[in-house]
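As the structure is a prediction and not an experimental result, all values here were calculated from the model.
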Amino acid sequence: MNANAYLPYEAEIIERRQESPSVFTLRLSFTDPAVHAAYRFAPGQFNMLYLPMVGEVPISIVSDPQDEHMLDHTIRAVGRVTKGLARLQAGDRVGVRGPFGRGWPLAQSEGQNIVLITGGLGCAPSVSVINYVLRRREQFGRLTIIQGVKHSDDLIWRQSYEQWSQLPDVHVYLAADVAGPGWPWREGRVTSLLDEARIDKFDSVAMLCGPEIMMRMTVEALLERGIPGDDIWLSMERSMQCAVGHCGHCQIGGNFVCRNGPVFPYPEVQPLLGKEGF
């Protein structure tokens with residue numbers, strides 16, 4: 001969108017939602033109507049959100065590409081920039097660079113079953129897929145959503161999961177390593193849900209995001225169940241600082257997560273997945 005990928009555009013916070021004690025969503029709109037009208041992105045891509053005099057940080061886009069009015073980013077307050085963003089309210093303004101990177105293979109997955117498997121609090125990239133598929137329901141087969149968290153209190157969008165589970169041909173499976181009082185779903189690791197989900201190995205595309213060790217274990221379990229490696233996609237997390245493949249902070253082997261990812265087909269990252277130093 002921007003002829004100069006290093007320069008941010010100004011956006012106003014239209015709405016702020018607190019999803020959990022440490023996770024919040026900022027709904028943005030570009031202040032320049034021409035910029036807002038020209039902006040395009042694909043699910044799985046990210047923006048660099050800039051907070052003046054503090055810094056910038058890569059954040060996944062969770063809204064639907066056809067939402068012409070709003071641009072949503074769900075953020076976990078864990079560092080200097082994200083904690084600064086957490087203090088902002090509706091009416092405040094931030095800078096936005098992007099979109100950057102490779103998104104999920106949704107266009108080539110039309111007609112197939114979509115299996116989303118996420119772990120921990122890093123599930124924002126998967127929400128963009130859910131929004132996309134539900135808005136284009138007739139273009140996809142069964143939607144299976146599998147989410148695991150360390151503690152049941154970590155689950156965000158609980159109401160959304162309950163609503164999604166009531167939709168036709170949408171199946172939701174949730175698990176917590178530690179289940180607190182009143183937890184109605186499974187206790188255990190996210191991989192324990194795979195048998196219950198009964199994934200069709202012949203007609204499914206699996207999309208994973210979360211901690212790298214969780215994704216590695218899940219990929220192994222999917223391969224054992226006959227899912228081809230080419231049908232497994234992973235959203236990788238690395239320290240992305242420039243977003244254009246120049247600084248090298250997000251390099252993984254010969255790839256840069258900001259430019260060649262953050263979404264990768266499993267065969268591209270298989271040699272380095274979980275390897276110390278990468």
**Q** Any chance you could measure His73, atom NE2, to Ser63, atom OG, to the nearest 0.5 Å?
**A** 7.0 Å

**Q** Between Glu10 (side chain only) and Gly95 (backbone N and O only), is there a donor and an acceptor less than 3.5 Å apart?
**A** no

**Q** I need the Arg186 CZ to Ile146 CD1 distance, nearest 0.5 Å.
**A** 10.5 Å

**Q** Tell me every residue that passes salt bridge (Lys or Arg N to Asp or Glu O under 4.0 Å) with Arg102, counting only those two or more places apart in sequence or in another chain.
**A** Glu268

**Q** Cation over ring, Arg16 on Phe24, under 6.0 Å and within 45°?
**A** yes

**Q** Could you please spell out the steps behind the salt bridge (Lys or Arg N to Asp or Glu O under 4.0 Å) verdict for Glu196 and Arg198?
**A** CA-CA 6 Å; Glu196 185 177 346; Arg198 291 187 290 183; over 6 Å; no

**Q** Under 3.5 Å, is there a donor-acceptor pair between the side chain of Arg27 and the main chain of Ile14?
**A** no

**Q** Is any side-chain heavy atom of Trp185 closer than 4.5 Å to one of Leu155?
**A** yes

**Q** Grab the two heavy atoms, one from Leu116 and one from Ser126, that are nearest each other, plus how far apart they are.
**A** CD1-O, 3.6 Å

**Q** Which heavy atom of Leu193 sits nearest a heavy atom of Ala175, and at what distance?
**A** CD1-CB, 3.7 Å

**Q** Examine distances only and state if a side-chain atom of Gln45 and a backbone atom of Ala42 form a donor-acceptor pair shorter than 3.5 Å.
**A** yes

**Q** Can you name the residues that form a side chain to side chain contact (heavy atoms under 4.5 Å, CB included) with Gln66, not counting sequence neighbours?
**A** Asp64, Arg135, Arg136

**Q** Rounded at 0.5 Å granularity, tell me how far CD1 in Ile145 sits from CG in Leu167.
**A** 8.5 Å

**Q** Quick check on the hydrophobic clustering: are Met236 and Phe256 connected, directly or via other members, by side-chain heavy-atom contacts under 4.5 Å?
**A** no

**Q** When the ring planes of Tyr173 and His171 are compared, do they come out parallel, tilted or perpendicular, using 30° and 60° as the limits?
**A** parallel

**Q** Hey, could you give me the CD1/OG distance between Ile156 and Ser20, rounded to the nearest 0.5 Å?
**A** 5.5 Å

**Q** Supply the atom-to-atom distance Glu15 CD to Leu26 CG, rounded to the nearest 0.5 angstrom.
**A** 10.0 Å

**Q** Under the side-chain hydrogen bond (donor to acceptor under 3.5 Å, both in side chains) criterion, do Thr25 and Thr74 qualify, and how do the steps go?
**A** CA-CA 4 Å; Thr25 295; Thr74 296; 2.8 Å; yes

**Q** Ring-plane angle category for Phe30 and Tyr9, please: parallel below 30°, perpendicular beyond 60°, tilted otherwise.
**A** perpendicular

**Q** Under a single-linkage definition using a 4.5 Å side-chain heavy-atom cutoff for Ile, Leu, Val, Met, Phe, Trp and Tyr, are Leu134 and Val129 assigned to the same hydrophobic cluster?
**A** yes

**Q** Side-chain heavy atoms nearer than 4.5 Å, only ILVMFWY residues, links allowed to pass through others: does that put Leu85 and Ile13 together?
**A** yes

**Q** Can a donor-acceptor pair be found, under 3.5 Å and without considering hydrogens, that links the side chain of Ser152 to the backbone of Ala176?
**A** no

**Q** Does Asn47 reach the main-chain N or O of Leu49 with its side chain, forming a donor-acceptor pair under 3.5 Å?
**A** no

**Q** Can you see which heavy atom on Ala5 is nearest to which on Val244, and at what distance?
**A** CB-CG1, 3.8 Å

**Q** Are the side chains of Arg225 and Leu194 in contact, using a 4.5 Å heavy-atom criterion?
**A** yes

**Q** Is it true that atom CD1 of Ile213 has more than 12 heavy atoms of other residues, nucleotides or ligands lying nearer than 6.0 Å?
**A** no

**Q** Can you tell me if Gln251 uses its side chain to pair, donor with acceptor, with the backbone of Gly253 under 3.5 Å?
**A** yes

**Q** List in chain and number order the residues that pass side chain to side chain donor-acceptor pair (under 3.5 Å) with Thr82, two or more places apart in sequence or in another chain; answer none if no residue qualifies.
**A** none

**Q** Please answer whether the main-chain N or O of Arg142 pairs with a side-chain N or O of Asn113 as donor and acceptor at a distance below 3.5 Å.
**A** yes

**Q** Please name the pair of heavy atoms, one in Ala243 and one in Phe100, separated by the smallest distance, quoted to 0.1 Å.
**A** O-CD2, 3.4 Å

**Q** To the closest 0.5 Å, what do you measure between CD1 (Ile114) and CH2 (Trp104)?
**A** 10.5 Å

**Q** Please indicate whether Arg189 has more than 12 foreign heavy atoms, meaning atoms of other residues, nucleotides or ligands, lying under 6.0 Å from its CZ.
**A** no

**Q** So if you build clusters from Ile, Leu, Val, Met, Phe, Trp, Tyr with side-chain heavy-atom gaps below 4.5 Å, do Tyr50 and Phe46 land together?
**A** no

**Q** Hey, any chance Met217 and Ile227 share a hydrophobic cluster, counting ILVMFWY side chains that come within less than 4.5 Å of each other, even indirectly?
**A** no

**Q** Is Asn255 close to Phe264 at the side-chain level, that is, under 4.5 Å between some pair of heavy atoms?
**A** yes

**Q** With the threshold set at 4.0 Å, does a side-chain nitrogen-carboxylate oxygen contact exist between Asp92 and Arg87?
**A** no

